[in-house]
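Note sheet for the following structure.
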Protein chains: 2
Amino acid sequence: MTVSLRELRALPGFDDTLLTEGCPTRVVLDHVTSKWGVLVLLALSDGTHRWGELRRAVDGISEKMLAQTLRTLEGDSLVLRDAHPTIPPHVEYSLTASGRELVDRMLPLVEWIARNADRMLPAAP
Amino acid sequence: MTVSLRELRALPGFDDTLLTEGCPTRVVLDHVTSKWGVLVLLALSDGTHRWGELRRAVDGISEKMLAQTLRTLEGDSLVLRDAHPTIPPHVEYSLTASGRELVDRMLPLVEWIARNADRMLPAAP
DNA sequence: CTGTATCCGATGGGATACTG
DNA sequence: CAGTATCCCATCGGATACAG
C-alpha cells in the first residue's frame with residue numbers, strides 16, 4: 001500500500017514532476033475535487049440519473065454549475081451523457097468505466113469524513 | 001464495500017441529510033478537497049515538514065494560501081502545528097492521527113488519477 | 001424537460017511589502 | 001525563518017430570464 005507522496009513518486013512510471021503545476025494529474029484532480037465535482041460524482045454512484053434528478057439530488061447546486069460540472073466531467077471521460085432526441089428532451093447521465101473506478105476510490109474517503117466530521121469541527125470554521 | 005452514496009446514507013448513523021448544504025461532512029469535505037488542501041495533506045504524508053519546506057514542496061502555492069490552508073486543516077484537527085519558541089523561529093507541521101487516517105484513504109484516489117490522467121484529457125479542457 | 005445567456009456580487013488567490 | 005497585511009484582479013458561482 002502506498003502511504004506517502006514520496007513513495008507514490010518513486011513508483012515505476014512516476015517521478016518528481018507528479019503534481020507540479022499544470023501536470024495532467026493536477027488538472028483532473030482539480031476537476032474531481034472541485035466544490036461540485038465530488039458531489040455530482042457521488043450522486044451518480046447510485047446509477048443513471050436525469051438532469052432534473054441530479055439538480056434535486058445535489059443539494060444547493062445551481063443550474064449553471066450543474067451544467068458546467070457535468071461538461072467538465074464528461075470531458076474528463078468520467079461521466080457519460082446520453083441524450084434521447086425526443087420532445088420533451090430526455091437526457092441521462094451515468095458514470096463511465098473510469099468514473100466508476102474513480103468513485104470506488106472516492107467513497108472510502110467520503111465515508112471516513114462522514115463518520116468523523118462531527119468531532120473535527122470544535123467551533124465555527 | 002460501500003459502492004454508492006445511497007448505500008452510504010443507508011448505513012447506521014447516517015441518513016438523507018448527509019452531504020446536504022452546511023452539514024459538517026460537507027464543510028470538512030470542502031476543506032480537504034480545496035485547491036491546496038489535497039496537496040498540502042499529500043506533502044505531509046511524507047512526515048513532518050517545516051514551513052519553508054512545504055512552501056517549496058507544494059509547487060505554485062503562495063504564502064498566503066499556505067498559511068490559510070494550514071490554519072484551516074489545523075482547525076479541522078488534521079494537521080498539528082508545533083512551534084519552537086527560538087530565534088529564528090522553528091515551526092514543524094505534521095499529520096495528526098486523524099490526518100493520517102484521512103490521507104491513507106486519499107492516496108488510492110490520487111494514485112488512480114495519477115495513473116489515468118494522461119489518457120483522460122484528449123484536447124485542452 | 002434540458003439546458004443557455006447574462007448580469008453581478010462574493011470569494012479565491014497572487015504579488016508585494018513588511019514584522020517579530 | 002515564519003509568517004501578516006494590503007492591494008487587486010480573475011474566477012467562481014448564484015439569480016434570473018429565456019430558448020429549443
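A note on names: the letters A, B, ... follow the listed sequences, proteins ahead of strands, and every chain is numbered from 1. Since the model is a prediction, treat every value here as computed from it, not as a measurement.
Atom CD of B/Glu74 and atom OG1 of B/Thr69 lie 12.5 Å apart (nearest 0.5 Å).
Checking each of B/Thr96, B/Leu54, B/Leu78 against B/Leu44 for a side-chain contact (heavy atoms from CB on, under 4.5 Å) leaves exactly one that passes, namely B/Leu54. The only option from A/Leu66, A/Val58, A/Leu73 that meets the side-chain contact (heavy atoms from CB on, under 4.5 Å) definition with A/Trp36 turns out to be A/Val58.
Side-chain contact check for A/Thr2 and B/Glu111: at least one donor-acceptor pair (N or O, by modelled atom type) lies under 3.5 Å.
Atom pair A/Arg55:CZ and D/dA15:P shows a separation of 9 Å (rounding to whole Å applied). Straight-line distance from the CD atom of A/Gln68 to the P atom of D/dC12: 6 Å, rounded to whole Å. Regarding B/Asp30, its CG atom lies at a distance of 15 Å from the P atom of D/dC12, rounded to whole Å. In this entry the distance linking CD1 of A/Ile87 with P of D/dA19 reads 17 Å, nearest Å. The CG atom of A/Asp82 sits 18 Å away from the P atom of C/dC1 (whole-angstrom rounding). Rounded to whole angstrom, the span from the CE atom of B/Met65 across to the C1' atom of D/dT11 amounts to 13 Å. Between the CG atom of A/Leu66 and the C1' atom of C/dA5 there is a distance of 16 Å, rounded to whole Å.
If B/Pro88 and A/Gly60 are placed on DNA chain D by their nearest nucleotide, the residue sitting closer to the 5' end is B/Pro88.
Aromatic ring orientation, B/His90 versus B/His84: perpendicular (interplanar angle above 60°, classes split at 30° and 60°).
The neighbour count for A/Arg6 CZ, taken as heavy atoms of other residues, nucleotides or ligands under 6.0 Å away, does not exceed 12.
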Practice problem: Could you check B/Asp30 against B/Arg26 for salt bridge (charged side-chain N to carboxylate O under 4.0 Å, His left out), going step by step and ending with a plain yes or no? | Solution: CA-CA 6 Å; B/Asp30 275 355; B/Arg26 200 136 133 187; 5.3 Å; no
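Not counting sequence neighbours, the partners of B/Glu101 by the side-chain hydrogen bond (donor to acceptor under 3.5 Å, both in side chains) test are A/Trp112.
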Could you run down the sub-3.5 Å N/O contacts of the protein with nucleotides 2-10 of chain D?
| residue | atom | partner | partner atom | Å |
| --- | --- | --- | --- | --- |
| D/dA2 | OP1 | B/Arg50 | NE | 2.8 |
| D/dA2 | OP1 | B/Arg50 | NH2 | 3.0 |
| D/dA2 | OP2 | B/Gly52 | N | 3.2 |
| D/dG3 | OP1 | B/Arg81 | NE | 3.4 |
| D/dG3 | OP1 | B/Arg81 | NH2 | 2.5 |
| D/dG3 | OP1 | B/Tyr93 | OH | 3.4 |
| D/dG3 | OP2 | B/Tyr93 | OH | 2.6 |
| D/dT4 | O4 | B/Glu63 | OE1 | 3.0 |

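The overall bend of the helix from C/dC1-D/dG20 to C/dG20-D/dC1, read as the angle between its terminal helix axes built from five base pairs each, is 50° when rounded to 10 degrees.
Taking the side chain as every heavy atom from C-beta outward, B/Phe14 and A/Arg115 approach each other to under 4.5 Å.
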